[in-house]
Amino acid sequence: MSHPYPKPVLFRTRNKREIHRAGWIIPDSVNVIQNGYLEIENGRIKGIHSGVPREACTDHGPGVLMPPLVNAHVHLELSALENRIPLDKGFQSWVKTLLEERAALGRDVLVRAAKKSILDLLTWGNLYVGEISTLGTTKALLENSGLKGVFFQEFLGTAVEKGCVQKKDGLSFSVAGHAPHTSSPDLLRALKRQSRSMGLPFSIHVAESEAESDFIFQKKGPWADFLTLRGIDYRSWDLGSKTPVAYLDGMGLLDPLTLAVHLLQVTPTDMDILARSQVKVCICPRSNHNLHGRLPDIERMIQKGIRPALGTDSLASCDSLNIWDEMGFIAHHYPGLDPRTIFSMATHNGAKALGLEHVTGTIAQGKRADFIYRPMDPKTENEVFERMVFNEH
Ligand SMILES: [Zn+2]
């Protein structure tokens with residue numbers, strides 16, 4: 001991976017008292033302080049000030065102190081599949097090859113590659129993640145990695161399973177259903193009950209592929225054949241004449257504690273459902289572009305009051321897990337989006353999507369003293385956000 005832009009430095013301050021100064025403090029996309037400093041006590045933000053501190057401080061320079069980035073949807077478990085799966089043979093073939101390759105590689109290889117990805121995330125200031133794991137290979141890794149966020153144990157098929165749900169200070173454990181076209185309604189409802197009982201987010205891929213939408217709408221087609229081949233009996237599922245979003249809404253699965261990922265195939269009515277239900281939304285535009293040749297309608301989402309978080313999906317469909325790259329891609333492909341909006345997607349919206357708004361996503365009094373310093377020397381407030389999202393010096 002090569003990155004043309006300057007490396008940020010990640011700080012996780014737990015000391016009794018520290019002062020950090022920089023040319024710009026960006027607590028969130030609205031409040032901007034030129035020449036300011038952070039006052040930290042016992043690992044929490046105590047104050048955000050403008051001016052020059054009177055006591056000894058760490059002076060970072062002319063750049064920006066800002067919240068750490070949030071990758072709200074990633075599969076570290078699939079990092080070993082980087083460059084191993086052709087992206088031009090269609091989605092169904094991609095899924096099939098992925099399952100075969102994953103099985104062939106074996107646990108040790110998957111773990112080694114995931115470890116490397118974790119270090120890469122930390123190096124680039126992506127401190128919070130929503131990790132989706134089907135095999136459980138990344139659970140212990142994440143617990144000891146320094147990364148924070150939510151580990152989602154993912155299930156699919158028809159058996160009603162029980163996962164580990166546990167709310168913790170650094171890394172919580174919750175459950176995910178794979179998708180409406182791969183998981184039975186009974187399984188999805190049971191998983192949702194488990195996560196809801198602990199006040200944790202439940203994650204699910206929704207409206208990603210045409211195959212998914214066609215299957216949910218028609219209850220037949222290539223995906224139906226694929227399921228039958230894999231021994232998944234879908235005959236009792238309440239499918240037909242509805243979109244994936246409407247289908248999940250009908251099951252009562254869309255609420256503020258659900259994280260709906262992708263939303264590539266959505267109708268105007270679906271957008272209304274998403275907005276009304278206040279479901280959290282995570283988009284992965286680079287992965288969508290590579291796998292499906294299309295992009296989510298972010299502008300429409302924003303118009304409807306939806307505030308998407310950003311994810312990268314895995315290295316099997318995306319060339320990095322770095323949210324700086326995702327921001328850069330969005331800035332180039334959605335020229336109408338305000339850079340501040342893109343910045344919020346990578347920070348504040350991500351924290352909300354993972355249920356972590358009370359501890360991170362912005363720099364605010366009482367939140368964890370996790371932050372990054374991003375080197376640059378901007379002259380104006382607008383320049384700060386533009387350089388950040390376009391990955392410029
Ligand atoms: Zn995914």
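First listed ligand is number 1; within each ligand, the first listed atom is number 1. One-based numbering along the sequence shown. The figures here come from the full heavy-atom set of this structure, side chains too, leaving out hydrogens, waters and symmetry mates.
Using a 30° and 60° split on the angle between ring planes, His181 and His178 fall in the tilted class, from 30° to 60°. Ring pair His262/His205 is parallel by interplanar angle, where below 30° counts as parallel and above 60° as perpendicular.
For the Zn ion (ligand 1), protein N, O or S atoms closer than 2.8 Å were enumerated as His73 NE2, His75 NE2, His205 NE2, Asp313 OD1, with waters left out.
Among residues two or more places apart in sequence or in another chain, the ring-ring contact (aromatic ring centres under 6.0 Å, His included) test is passed with Phe371 by Phe11, His20.
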Q: Check the pair Glu143 / Lys139 against salt bridge (Lys or Arg N to Asp or Glu O under 4.0 Å), numbers first and verdict last.
A: CA-CA 6 Å; Glu143 275 184 294; Lys139 189 166 186 250; 5.0 Å; no

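Look at Glu41 and Lys16 and you find no salt bridge, because none of the NZ, NE, NH1 or NH2 atoms lies under 4.0 Å from a carboxylate O.
Counting only N and O atoms by type, the side chains of Thr243 and Asp270 include a donor and acceptor under 3.5 Å apart.
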